[in-house]
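Below, chains carry the letters A, B, ... as their sequence lines are ordered, and counting in each starts from 1.
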Amino acid sequence: MTVLAVAEHRRGELRDVSHELVTAGRELADATDGDLHVAVVSGSVEEYADRLDRDGVDVIHTVAHGEEFNHDVYTQAVTQLAEEIDPTVLLMPQSVNGLDYAPAVANRVGLPLITDAVDLAYDDGLTATRELYGSKVETTIDSHADSTAVTIRPAEWPAAEGSGDATVEPFEATIDESAIRSTVTGFQEVGGGDVDISEADVLVSIGRGIEEEENLDLIRDLADTLDATLSASRPIVDNGWLPKNRQVGQSGKVVTPDVYIAIGISGAVQHVAGMKGADTIVAINDDPNAPIFDIADYGIVDDLFDVVPALIEGFES
Amino acid sequence: MKVLVTVKEVTAVDDEFEIDGLGIDDRYVTADLNEWDEYAVEEAVQLSESLDDVEVVTVTIGPSDAEETIRQALAKGADRAIRVWDDALDDDAMLDPATKARLLAAVAEQEDPDLILTGVQSADDSLGATGVTLADQLGTEWAAVVNALDLDAQAGVAHVHRELEGGVEELTDVELPAVLTIQTGINDPRYASLRGIRQAQSKELAEKTLADIGLDATALDSPIEQTALYEPESEGGATLYEGTPEETAGELAGLLAERGVGQ
Ligand SMILES: Cc1cc2nc3c(=O)[nH]c(=O)nc-3n(C[C@H](O)[C@H](O)[C@H](O)COP(=O)(O)OP(=O)(O)OC[C@H]3O[C@@H](n4cnc5c(N)ncnc54)[C@H](O)[C@@H]3O)c2cc1C
Ligand SMILES: Nc1ncnc2c1ncn2[C@@H]1O[C@H](COP(=O)(O)O)[C@@H](O)[C@H]1O
């Protein structure tokens, strides 16, 4: 079989998930002695091809068209390539840009789509593992189609290493300019401001478990007591209780403090993406099944409104 | 102008739960309107407040149990609601993005909206794919993960921000008609007023079968099959402190002091 994996880049940089796609793709191809093809669309495709040529990549298809990601270009280019190569599995990333083109490609090629896979196996057919209900439960999905589109969760597969001897083939996609009905006009950085949470040694991070804005004072007290910096999961920032520069996660800041104390945070994948690199992770959550405990080093399964006051007191004495 | 908002009743699983076949045992779930859809509804209602003649219609695929949840959107200002359901649909069956989109597209074709808002993802299934699949089935333009919207109805353009990873936003102009998948934080969803809740009771909530939207059971055919549901093995080697809050907090305080916290 053939696996086709589509790389991702942004503002001149190949993104990490690209090499993870190579690993996932190679594993699938190995299961059937098949070939791994990689596609890279837009930007400095030759330079990207060079960096994508890792161990196990057989062919790299380059589509030179424009600089940055545009979903109309990606959709057309990847659709045409998939129709030409007819891959058994078409792999794309479950990144923000993946969310913006993978479903359209699947629809146009007529492939069923399985999103956010955390594991893949091929044996007669494709089986994907994905998570449900905020990662509390896992499910397996079988595809009975000859060919399936899959998006993989970033940071689930290790990055492919080594250097390969792939052939690089420019692909002449026919891009219909009149079908490009969206235009990227620029980029904007957000979340600057008074503090840089990524500089902090100790972070006290609060999530939706705090329930009310008034209750934040309790967490501020804890942060003061521990001489720590206050950060938060997304809902706290969405509610306007703390500014954007305090948000940890995929769309906020990536932090690597010595100690990260997650309080009333479930540990959704987009949150974990921003803090899993912390040295010591402590979780306080009254749900023993909260996924945050999967990555925590120390935990207390209890009500934060009981534990936090006791912690302030305990630390002071 | 007409804005169609897709809304889903999602289930949250209790702290302790049991799995029943391919679903969670009903005793351990609570239902609510999907968080992302709350923001989508608010965005549509705000459009209807700032522009003349905007009708906001919600559409859901869900059983009659979902009606109470769906009325929340009517209480917050949506004008009417459509609920698609059919005997051929099974309560527990997971619908894949193409199937969901097929049903929603059939409704969209009847309603002919200028703008469709969906959530980025549903909190339970987390496919993150229904909105863009719907757009492409309809042949309209789209944008995924939108956290700012400035609609220029006259020019037929939506100026949006797409929230990328790492605190970067992409500024994009999208031609209408379009499907936008809405990210949380784009606005500040209102609470339904008592008056709104009362009015919602008399707003239209139309039930439609597959036949009503011009489809038959073959629209549900999918090559994707859910084969198992299970609790993942805990990967965690976390040390859990046990005892009263004073005891556990005391141990944690000791650990933190050991790590040099507060010095
Ligand atoms: C494209 C995209 C990007 C995203 N980016 C981010 C991001 O950058 N950062 C981010 O954080 N999220 C992000 N999210 C959102 C993410 O999916 C989750 O919705 C979010 O992280 C949940 O936040 P939470 O853990 O605070 O809330 P919940 O998931 O609601 O968890 C609350 C937790 O508090 C616990 N709790 C409740 N009461 C108590 C109590 N009294 N005592 C102790 N514990 C209690 C509960 O058991 C639960 O585990 C993103 C989502 C998408 C789709
Ligand atoms: N059963 C459904 N009925 C109506 N809308 C839905 C349904 N499932 C998903 N959606 C919409 O699609 C968005 C993304 O959901 P999903 O692709 O399932 O993660 C949700 O936020 C809803 O707006």
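Proximity to chain B (any heavy atom under 4.5 Å) is shown, for N245(A), by neither the backbone nor the side chain. For T129(A), the part lying under 4.5 angstrom from a heavy atom of chain B is the side chain only. With a 4.5 angstrom heavy-atom cutoff, V184(A) touches chain B via backbone and side-chain atoms both. With a 4.5 angstrom heavy-atom cutoff, I281(A) does not touch chain B via any of its atoms. Proximity to chain B (any heavy atom under 4.5 Å) is shown, for R108(A), by both the backbone and the side chain. No part of D258(A) comes within reach of chain B, as not one of its non-hydrogen atoms sits under 4.5 angstrom from that chain. Contact annotation for T75(A): only side-chain heavy atoms (C-beta onward) come within less than 4.5 Å of a heavy atom of chain B. Only the side chain of I114(A) comes within contact range of chain B, judged by heavy atoms closer than 4.5 Å. Neither the backbone nor the side chain of V254(A) comes within contact range of chain B; no heavy atoms are under 4.5 Å apart. Interface residue V145(B): only side-chain heavy atoms are found under 4.5 Å from chain A. Neither the backbone nor the side chain of E313(A) has a heavy atom closer than 4.5 Å to any heavy atom of chain B. Neither the backbone nor the side chain of D303(A) comes within less than 4.5 Å of any heavy atom of chain B. Interface residue Q94(A): only side-chain heavy atoms are found under 4.5 Å from chain B. For chain B, the nearby parts of V190(A) are the backbone and the side chain; heavy atoms of each come within less than 4.5 Å. Using a 4.5 Å cut-off between heavy atoms, K136(A) contacts chain B through both its backbone and its side chain. E251(B) does not touch chain A: none of its heavy atoms, backbone or side chain, sits under 4.5 Å away.
Under 4.0 Å is where a charged nitrogen must lie from a carboxylate oxygen, and between E170(B) and R162(B) at least one such pair does. Taking the charged nitrogens against the carboxylate oxygens, E42(B) and R190(B) do have a contact shorter than 4.0 Å, which makes a salt bridge. Between E35(B) and R234(A) there is no salt bridge, since none of the side-chain N atoms of the basic residue sits less than 4.0 Å from a carboxylate O of the acidic one.
Without hydrogens or angle criteria, D37(B) side chain to G119(B) main chain gives a donor-acceptor distance under 3.5 Å. No donor-acceptor pair closer than 3.5 Å links the side chain of T133(B) to the backbone N or O of A98(B). Listed for the T140(A) side chain is a donor-acceptor partner under 3.5 Å among the backbone atoms of A228(B).
Side-chain contact check for E169(B) and N147(B): at least one donor-acceptor pair (N or O, by modelled atom type) lies under 3.5 Å. No side-chain donor from either of E16(B) and Y28(B) sits under 3.5 Å from a side-chain acceptor of the other.
The line from OG1 of T248(B) to CD1 of I284(A) is 8.0 Å long, rounded to the nearest 0.5 Å.
The minimum heavy-atom distance between G12(A) and E68(A), with the atom names listed, is N-OE2, 4.1 Å.
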